[in-house]
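Down below is the structure, laid out as structure tokens.
Nothing fancy with the numbering, it's 1 onward along the sequence.
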Amino acid sequence: MAEPVVSSDAAANSQAEISADMQEIQRSYAASGVLETQPRIDYPPYRSSILRHPTKDLHHADPETIELWAPAFGQRDVHALEADLTIQGGGEPSGERMTVRGRVLDGDGRPVRNQLVEIWQANAAGRYIHKRDQHPAPIDPNFTGVGRCLTDADGNYSFTTIKPGPYPWKNHHNAWRPAHIHFSLFGTDFTQRMITQMYFPGDPLFDLDPIYQAIMDPKARERLVANYDHDASEHEWSLGYTWDIVLTGSHRTPTEDHTDV
């Protein structure tokens, strides 16, 4: 296996080396007979996880104290137009317009109502509006890449946005992330936040991406991939994708903040 790289800026490993590491880890996992449905927090091919993953026991926080400092939101604080990322600028953003919709459910399939759902993403060229994203792809002045909504009585959410592009990152030489949208959900208070990513079907970068491959169980990985939904598409307007988010249980959506594996 390749030697770990301690700095992403010095990431000189090739894709072949990273892929070999991932394949070896996957073989060892398959032979173990243990089921892992959440991402490994210490996954060597994902280089920054070596230094960033928790190494000590988590400290329990007082929810009431946190609530004194955390922002509050309600029905009147989240406007319906915030779910449309194509109308936030002075004109139409570039790229493939799409609708992403689904339901937020608990482990028993019951809808989670009035759930704050936030998303952020790169634009169609794979560029974020962020000072650390300086790779040579155009910024779209008509696209912020952020939106939010509240789930309805049946747990439904819906966003109108632009399909994000893949983008390079510094994990290793010629590393590219599959196109994805980040999702954040809050529970009954701000200490219950979960963050995950939604991907698109058939992406050729899946097998090359150590973040996606950090989920050992292939079926759990598939739960991060949206389905093309023609019924969610609109005539001469947008394509549609459906993606349900399950918060608990054996079919729980993999999240970035899981620490039990």
Side-chain angles (χ1 to χ4, degrees), residues 1-2 4 13 15-55 58 100 102-112 115 117 119 121 155 157 164 166 169 171-172 175-185 187 192-229 241-261:
M1 297 175 66
N13 299 99
Q15 180 65 61
E17 291 173 311
I18 295 294
S19 294
D21 285 356
M22 294 191 293
Q23 291 166 7
E24 179 60 33
I25 292 171
Q26 191 65 39
R27 281 193 291 268
S28 297
Y29 166 73
S32 72
V34 177
L35 181 65
E36 297 180 22
T37 61
Q38 294 294 320
R40 289 188 175 182
I41 59 174
D42 181 8
Y43 185 68
Y46 180 11
R47 296 312 195 199
S48 63
S49 74
I50 298 170
L51 300 178
R52 294 195 313 177
H53 78 279
T55 58
L58 300 179
V100 176
R103 301 180 72 199
V104 179
L105 307 167
D106 67 15
D108 295 318
R110 295 172 298 204
V112 181
Q115 175 72 213
V117 182
I119 65 171
Q121 63 170 93
Y157 72 87
W169 62 311
N171 189 73
H172 54 277
W176 289 82
R177 296 270 6 254
H180 60 277
I181 299 177
H182 298 267
F183 275 71
S184 165
L185 296 94
Q192 298 176 351
R193 188 186 189 195
M194 62 163 279
I195 298 173
T196 187
Q197 297 182 19
M198 186 204 85
Y199 297 89
F200 296 89
D203 197 310
L205 294 172
F206 284 157
D207 290 344
L208 306 178
D209 182 48
I211 294 180
Y212 184 75
Q213 294 295 326
I215 304 167
M216 294 291 98
D217 180 34
K219 292 183 178 179
R221 283 187 221 128
E222 292 172 3
R223 293 200 288 272
L224 291 180
V225 182
N227 294 312
Y228 173 72
D229 185 352
Y241 293 88
T242 298
W243 188 57
D244 292 341
I245 303 169
V246 181
L247 301 181
T248 58
S250 60
H251 296 290
R252 175 186 173 192
T253 301
T255 62
E256 296 179 10
D257 56 349
H258 189 75
T259 57
D260 294 339
V261 174

Any side-chain heavy-atom pair of R177 and D209 under 4.5 Å | yes
Nearest heavy atoms of G107 and T248, plus distance in Å = N-OG1, 2.8 Å
Within the distance-only criterion (no hydrogens, no angle test), does the side chain of N171 pair as donor or acceptor with the backbone N or O of R47 below 3.5 angstrom?
-> yes
Is there side-chain contact between R103 and D244, with at least one heavy-atom pair below 4.5 Å?
-> yes
Side chain to side chain, T196 and W243, heavy atoms closer than 4.5 Å | yes
Side-chain heavy atoms of I25 within contact of R40, under 4.5 Å = yes
Return the minimal non-hydrogen interatomic distance between S184 and R193, and the atom names on each side.
-> OG-NE, 2.8 Å
With side chains defined as the heavy atoms from C-beta onward, is the minimum distance between Y212 and V225 less than 4.5 Å?
-> yes
Heavy-atom pair of closest approach, residues I18 and P45 | CD1-O, 3.9 Å
How far apart are the closest heavy atoms of T37 and I215, and which atoms are they?
-> O-CG2, 3.9 Å
Would you find a donor on one side and an acceptor on the other, under 3.5 Å apart, between the side chain of Y29 and the backbone of V34?
-> yes
Between D108 and R110, does at least one N-O distance fall below 4.0 Å, as a salt bridge requires?
-> yes
Heavy-atom pair with the smallest gap, counting every atom of S49 and P44 = OG-N, 4.4 Å
How many angstroms lie between CG in L224 and CZ in F183, if you round to the nearest 0.5 Å?
-> 11.0 Å
State the CE-OG1 distance between M198 and T242, to the nearest 0.5 angstrom.
-> 9.5 Å
For E24 and R27, what are the C-alpha separation, side-chain angles and deciding distance, and is it a salt bridge (charged side-chain N to carboxylate O under 4.0 Å, His left out)?
-> CA-CA 5 Å; E24 179 60 33; R27 281 193 291 268; 2.9 Å; yes
Heavy-atom closest contact (S19 atom, L208 atom, distance) | OG-CD2, 3.9 Å
Look at the side chain of Q38 and the backbone N and O of T255, then say whether any donor-acceptor pair between them is shorter than 3.5 Å.
-> yes
Answer yes or no: is there a side-chain heavy-atom contact under 4.5 Å between Y46 and Q213?
-> no
d(D217 CG, E222 CD) to nearest 0.5 Å is 8.5 Å
Heavy-atom check, side chain of Y157 versus side chain of V100, under 4.5 Å = yes
Could you tell me whether the side chain of L247 reaches within less than 4.5 Å of the side chain of M194, counting heavy atoms only?
-> yes
Between CD1 of I211 and CZ of F206, what distance do you get to the nearest 0.5 Å?
-> 13.0 Å
Donor-acceptor contact below 3.5 Å, side chain Q26 vs main chain M216 = yes
